[in-house]
Amino acid sequence: MDSQGQTTSLQRLQNVEKRIVKVLELAGGVMDELASPVGPRKDLVQNHCLEFMQLIKDIQVALRDEIKSACEYRPFEKCDYGPRIANEICFKKVDYVMSQLDAVKQTIDEYTAEP
């Protein structure tokens, strides 16, 4: 992900944050309306609830898209660290096996050299 992609991603996440704030304001507005001594205005509560649900849906879609784009971003996919370490481990294993085989060969040579 380049700098431009990170910037737009951060901007999209900031927009999500603004939507979350708006959702909380809507929920607070409904709570205030429900607590009103004259009773709640049905049309206001309904409009706030509809806007609340639409914003929640938009937030879910935006976050899902951000998660999906983050999963597609693999900064280390061209890194050869894993294969290099695996190769180094294999080299050490082969080296160890060869030293053990040399020790076995030496033992056999000593055994066959005895009269």
Side-chain angles (χ1 to χ4, degrees):
M1 187 181 286
D2 58 358
S3 178
Q4 178 78 18
Q6 287 177 330
T7 302
T8 56
S9 178
L10 288 175
Q11 288 170 343
R12 287 190 300 264
L13 289 173
Q14 285 177 333
N15 289 335
V16 167
E17 184 178 12
K18 290 175 185 174
R19 288 182 188 148
I20 291 171
V21 169
K22 179 66 176 168
V23 161
L24 294 173
E25 290 171 351
L26 287 170
V30 169
M31 294 301 292
D32 288 343
E33 192 62 32
L34 291 174
S36 172
V38 294
R41 292 174 285 183
K42 184 178 179 183
D43 59 329
L44 183 72
V45 171
Q46 184 176 3
N47 288 338
H48 278 4
C49 288
L50 288 173
E51 189 176 355
F52 177 91
M53 293 306 291
Q54 184 60 48
L55 282 171
I56 292 293
K57 181 180 176 185
D58 293 345
I59 290 168
Q60 287 176 332
V61 168
L63 290 177
R64 187 178 321 121
D65 290 343
E66 285 305 308
I67 291 169
K68 183 178 176 186
S69 72
C71 291
E72 292 170 355
Y73 171 59
R74 297 184 183 139
F76 302 111
E77 70 182 13
K78 293 185 172 121
C79 177
D80 67 342
Y81 178 77
R84 278 190 305 122
I85 292 301
N87 189 28
E88 187 70 26
I89 290 170
C90 287
F91 174 76
K92 295 290 184 185
K93 287 179 180 178
V94 168
D95 194 36
Y96 177 75
V97 168
M98 288 182 64
S99 70
Q100 293 298 311
L101 287 174
D102 285 342
V104 168
K105 183 180 182 299
Q106 184 179 1
T107 303
I108 291 172
D109 287 345
E110 288 174 2
Y111 182 77
T112 56
E114 290 179 7

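When reading the values below, keep in mind they use all heavy atoms of this one structure, side chains included, and skip hydrogens, waters and symmetry mates. Everything quoted here is computed from the prediction, not taken from an experiment.
Annotation: side chain to side chain donor-acceptor pair (under 3.5 Å) contacts of K105 (sequence neighbours excluded): D109. For E17, the side chain to side chain donor-acceptor pair (under 3.5 Å) criterion is met by no residue, not counting sequence neighbours. Taking the side chain to side chain donor-acceptor pair (under 3.5 Å) definition, one finds that R41 meets it with E33, sequence neighbours left out. Scored by the side chain to side chain contact (heavy atoms under 4.5 Å, CB included) test, Q106 finds E110 as partners (sequence neighbours excluded). Considering only residues two or more places apart in sequence or on other chains, R84 meets the side chain to side chain donor-acceptor pair (under 3.5 Å) condition with D80.
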### Message
Apply side chain to side chain contact (heavy atoms under 4.5 Å, CB included) to residues L50 and M53 and explain how you reach the verdict.
### Response
CA-CA 5 Å; L50 288 173; M53 293 306 291; 6.0 Å; no
### Trace of the side chain to side chain contact (heavy atoms under 4.5 Å, CB included) decision for Q100 with Y96
CA-CA 6 Å; Q100 293 298 311; Y96 177 75; 3.5 Å; yes
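Grouping the Ile, Leu, Val, Met, Phe, Trp and Tyr side chains by contacts below 4.5 angstrom, directly or via other members, places L26 with I59. Hydrophobic clustering (ILVMFWY, side-chain heavy atoms < 4.5 Å, transitive): I56 and V61 are in distinct clusters. Under the 4.5 Å side-chain contact rule for hydrophobic residues, L13 and L24 share a cluster. Hydrophobic clustering (ILVMFWY, side-chain heavy atoms < 4.5 Å, transitive): L55 and M31 are in distinct clusters.
For the atom pair CG (L10) and CG (N15), the distance works out to 11.0 Å, reported to the nearest 0.5 Å. The CG atom of D65 sits 7.5 Å away from atom OG of S69, with the distance rounded to the nearest 0.5 Å.
A donor-acceptor pair shorter than 3.5 Å can be found between the side chains of D58 and Q54.
Contact of the L44 side chain with the V30 side chain is not registered, since no non-hydrogen atoms from C-beta on lie closer than 4.5 Å.
Contact detail for H48 and G29: the closest heavy-atom pair is CD2-C, 4.1 Å.
The main-chain N or O of F91 is never found under 3.5 Å from a side-chain atom of D95 such that the two would form a donor-acceptor pair.
Counting Ile, Leu, Val, Met, Phe, Trp and Tyr side chains that sit under 4.5 Å apart, directly or through other members, M98 shares a hydrophobic cluster with V94.
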